[in-house]
Amino acid sequence: MNSTLQQMISRKMSDGLLPTHEPLRSFAGFGSGSLCHGCDEPVLGSEVEHEHDFDGNRTFRFHAVCEAIRQALTNPVTDPWADPPLRL
């Protein structure tokens, strides 16, 4: 994964510019030429565009790579060998 792109998206999430939770609705299709909210570059018609509605008011669009990074940062994979949390 592109570390510069990952840092950019992570920073946007930390700054509150990108949501950090799962969307209410998601769609994918050919790019519309709109700017990607992850990298600020247009999603061309020859590329896959992921479109998310997080709150019913604003739509976020991502390139496939930017979406993969957003997903990884939103849902980090836990270590399957780690000890489970203590339950009191």
Side-chain angles (χ1 to χ4, degrees):
M1 234 182 260
N2 183 327
S3 64
T4 304
L5 187 55
Q6 185 173 353
Q7 290 172 353
M8 177 188 290
I9 293 171
S10 178
R11 185 173 49 250
K12 286 183 174 189
M13 291 173 86
S14 296
D15 292 345
L17 299 174
L18 291 177
T20 57
H21 58 280
E22 288 299 314
L24 298 173
R25 289 182 291 265
S26 297
F27 308 93
F30 292 108
S32 63
S34 297
L35 292 182
C36 170
H37 285 85
C39 68
D40 300 322
E41 295 292 326
V43 184
L44 304 177
S46 60
E47 300 174 301
V48 174
E49 177 179 289
H50 292 265
E51 183 177 304
H52 299 301
D53 176 6
F54 287 91
D55 59 9
N57 294 319
R58 188 166 176 205
T59 300
F60 290 83
R61 293 176 175 84
F62 299 93
H63 288 100
V65 170
C66 296
E67 169 60 11
I69 292 170
R70 186 201 68 79
Q71 275 285 338
L73 294 171
T74 301
N75 300 309
V77 176
T78 57
D79 180 358
W81 301 107
D83 291 330
L86 294 175
R87 297 187 187 242
L88 302 176

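Keep in mind that what you see is a predicted model, and the values were worked out from it rather than measured.
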Quiz item: What distance do His52 atom NE2 and Phe27 atom CZ have between them, rounded to the nearest 0.5 Å?
Solution: 10.5 Å
Practice problem: Report yes or no: does His37 contribute a side-chain atom to a donor-acceptor pair with the main-chain N or O of Arg61 at less than 3.5 Å? | Solution: yes
Quiz item: Do side-chain atoms of Glu47 reach the backbone of Gly31 as a donor and acceptor pair under 3.5 angstrom?
Solution: no
Quiz item: Which class fits the ring pair Phe54 and His21: parallel under 30°, tilted 30 to 60°, perpendicular over 60°?
Solution: perpendicular
Quiz item: Considering only heavy atoms from C-beta outward, does the side chain of Asp40 approach that of Lys12 to under 4.5 Å?
Solution: yes
Exercise. Measure the spacing between CD of Glu67 and CD of Glu49 and express it to the nearest 0.5 Å.
Key: 11.0 Å
Self-check item: Approximate separation, where rounding is to 0.5 Å, of Glu51 CD and Ser34 OG
Solution: 8.0 Å
Quiz item: If you take all heavy atoms of Cys39 and Leu5, which pair is closest and at what distance?
Solution: CB-CD1, 3.5 Å
Quiz item: Can you find a heavy atom in the side chain of Arg70 that is under 4.5 Å from one in the side chain of Pro23?
Solution: yes
Quiz item: Is Val48 reachable from Phe60 through a run of hydrophobic residues whose side-chain heavy atoms are each under 4.5 Å from the next?
Solution: no
Practice problem: Could you tell me which non-hydrogen atom of His50 sits nearest to which non-hydrogen atom of Ala28, and how far apart they are? | Solution: ND1-CB, 4.0 Å
Practice problem: Let me see the working for Gln6 and Leu73 under side chain to side chain contact (heavy atoms under 4.5 Å, CB included), right down to the final yes or no. | Solution: CA-CA 9 Å; Gln6 185 173 353; Leu73 294 171; 4.1 Å; yes
Exercise. Taking the side chain as every heavy atom from C-beta outward, state whether Met8 and Ile69 have any pair of such atoms under 4.5 Å apart.
Key: no
Quiz item: To the nearest 0.5 Å, how far apart are CD in Gln71 and CD1 in Ile9?
Solution: 11.5 Å
Quiz item: Between Asp15 and Leu17, is there a donor-acceptor pair closer than 3.5 Å when you use the side chain of the first and the backbone of the second?
Solution: no
Quiz item: Is the side chain of His63 donor-acceptor paired with the backbone N or O of Pro42 at a distance under 3.5 Å, no angle test?
Solution: yes
Self-check item: Nearest-0.5 Å distance, CG of residue Leu18 to SG of residue Cys66
Solution: 9.5 Å
